[in-house]
Amino acid sequence: MTTTNSTDQHPPARSEFASDFLWGCATSSYQIEGAGFEDGRVESIWDRFAATPGKVKGGASGAVACDHYHRWPEDFDIGRDMGLNAYRFSIAWPRIFSEIGGKPNTKGLDFYSRLVDGMLERGLQPWATLYHWDLPQFLQDRGGWAERGTVDAFLEFTDAMTRRLGDRVQHWITHNEPWCTSMIGNWEGLHAPGFTDFATALQVCHHVLLSHGKAVPLIRANVPDAQVGLSLSLHPLRAASSSAEDEAARLRHDGLRYRWFLDPLYGRGYPQATLDIIGDAAPAIHPGDMDAIAVPTDFLGVNYYFPETIQDAPGEGPLSVRVLKPQDAETTALGWEVAPEGLAELLARIESDYHPGPMYITENGSCYDDVVVADGSVPDAERRAYLQRHLAALRDVIDGGVPVKGYFAWSLVDNFEWAEGYGRRFGLVHIDYDTQQRTLKDSGKWYRSFLRQE
Ligand code: FCB
């Protein structure tokens, strides 16, 4: 079913956005770099998880991925030619540290230094994410993020990277999607390290948020004029019906999925109603932790893909809720609902609940089963429409006064889509994994003409 609304009837134009608006694409280290064990990189939790039978579709891993480690000049040329003025990437911690208390690996530092120079040479403002899920396995062996000591290890990593890149990289994202790091990786068990324990996930979450809070002043100390924030994955939430039970379920889910992150980040502590529900599963919190987490930031990164519909489900999980699959809605190849109005709804809500200051869409994109056709093109009309409609919704919500300052499409290139392996394509650029050939999809061509105002 295709929906139409006012957003769909008025296509977006770049001239409708501020002239200093950032236009980027986002990627992450494990999903694109490959070069799994080159230049001193050590094992990450994703290497271990991918090597565990049954965890990743097709037994795939990021060992080769898009070979971006060697092909980044070509990828950045494509980004420049598309008309991007910003690029979001992440840094593989296992390229930098190979043991507790060790020295940073010069070859790893040099790689990211070259990468940043490559962006700057092409007019791409670098946006560095410190943690996009590839924790070194040696830290997981000591308990990973469930261990408080990992916060200190993260600060060492942060210190090394900001010292090395801080003369050229002003924009830093401490964490990508703490929900996924903690809940998908440690409660749902679908991502590395693959645990299924709710209390562990909540402890992980607390340490991730704490490491964010402690990293912010460190980054500011090392980087002149630093702009620091983090990226949350958020969904607008809808109740499955108008019943009081479903509405109460929606609020319970909201407490964990939205407020659990935003309330502490903006100084309100963890929501009491959620603490009451989770009881003994609550994380250990040391004095001063909540103040550290509430450190003021320069921006909020929002990753938006789809809305969630919540149903009351007594006895199901700690919250007695069920997230429903979309019914009668337009969906992508991953079954994610296509709902551009959800982006506007979400941003307006965050603005009214927290006034976080500048916001950036640090990820937004769609998965379709793309193919290269006979004339060599990749006709991904659905992704192109997804992009257009979300940019139109973004324009409208900005016109309504919500301070969004940039948009990063997920993703520049097709890549390793975590537990889904390589079958799920999100790129504006198609990758042939046999030949590593890059082909700009029709969606990428549209983004190019939008950005160049052709
Ligand atoms: C987000 C992740 C990103 C990518 C997209 C599709 O949750 O941050 O790495 O996998 O989903």
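Each ligand, and each atom within it, is numbered from 1 in the order the structure gives. Owing to the predicted nature of the structure, the values given are computational and were not obtained by experimental measurement.
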Chemist: State whether the shortest distance between N or O atoms of Glu363 and N or O atoms of ligand 1 falls below 3.5 angstrom.
Modeler: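 So ligand 1 has an N or O lying under 3.5 Å from an N or O of Glu363.
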
Chemist: Is the shortest N/O to N/O distance between Trp133 and ligand 1 below 3.5 Å?
Modeler: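 Not met; the criterion fails.
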
Chemist: Measure the distance from atom 5 (C) of ligand 1 to every protein heavy atom, then report the residue, atom name and distance (to 0.1 Å) of the closest one.
Modeler: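 Answer for atom 5 (C) of ligand 1: Tyr305 OH, 3.2 Å.
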
Chemist: If you measure from the Lys or Arg side-chain nitrogens to the Asp or Glu carboxylate oxygens, is any gap between Lys57 and Glu417 under 4.0 Å?
Modeler: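 No salt bridge links Lys57 with Glu417.
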
Chemist: Identify, for atom 10 (O) of ligand 1, the protein heavy atom at the shortest distance, and state residue, atom and that distance.
Modeler: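 Sorting protein heavy atoms by distance from atom 10 (O) of ligand 1 puts Glu417 OE1, 2.7 Å first.
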
Chemist: Can a non-hydrogen atom of His132 be found less than 4.0 Å from any atom of ligand 1?
Modeler: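 Checking ligand 1 against His132, which is what was asked, there is a heavy-atom contact under 4.0 Å.
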
Chemist: Between Arg349 and Tyr258, is NZ or CZ placed under 6.0 angstrom from the six-membered ring centre and within 45° of the ring axis?
Modeler: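 The answer is yes, since Arg349 meets both limits relative to Tyr258.
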
Chemist: Could you tell me which atoms of ligand 1, counted from 1 in the order shown, lie closer than 4.0 angstrom to a heavy atom of Phe426?
Modeler: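 Counting from 1, the qualifying ligand atoms are 6 (C).
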
Chemist: Which residue supplies the protein heavy atom nearest to atom 7 (O) of ligand 1, what is that atom called, and how far is it?
Modeler: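 Nearest neighbour among protein heavy atoms for atom 7 (O) of ligand 1, to 0.1 Å: Glu177 OE1, 2.5 Å.
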
Chemist: Under 4.0 Å from a heavy atom of Trp418: give me the atoms of ligand 1 that qualify, with their elements.
Modeler: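 So the answer, numbered in order with elements, is 3 (C), 4 (C), 9 (O), 10 (O).
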
Chemist: With only distance considered, is Asn176 within less than 3.5 Å of ligand 1 through an N or O on each side?
Modeler: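 Checking ligand 1 against Asn176, an N or O pair does fall under 3.5 Å apart.
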
Chemist: Does Arg389 pair with Glu330 as a salt bridge, N-O distance under 4.0 Å?
Modeler: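 Yes, Arg389 and Glu330 are salt-bridged.
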
Chemist: Within the 4.0 Å heavy-atom shell around Gln31, which atoms of ligand 1 are there?
Modeler: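 Result: 3 (C), 4 (C), 9 (O), 10 (O).
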
Chemist: With a cut-off of 6.0 Å (strictly less than), are more than 12 heavy atoms of other residues, nucleotides or ligands near CZ of Arg168?
Modeler: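 Atom CZ in Arg168 is packed in, count exceeds 12.
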
Chemist: The test is salt bridge (charged side-chain N to carboxylate O under 4.0 Å, His left out); show your working for Glu308 and Lys325 and say whether it passes.
Modeler: CA-CA 8 Å; Glu308 280 185 341; Lys325 291 213 164 68; over 6 Å; no

Chemist: Taking Asp370 first and then Arg424, would you say they form a salt bridge - that is, a charged N and a carboxylate O separated by under 4.0 Å?
Modeler: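 Salt bridge absent between Asp370 and Arg424.
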
Chemist: Any non-hydrogen side-chain atom of Gln140 less than 4.5 Å from a side-chain atom of Thr150?
Modeler: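 Side-chain contact under 4.5 Å: no.
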
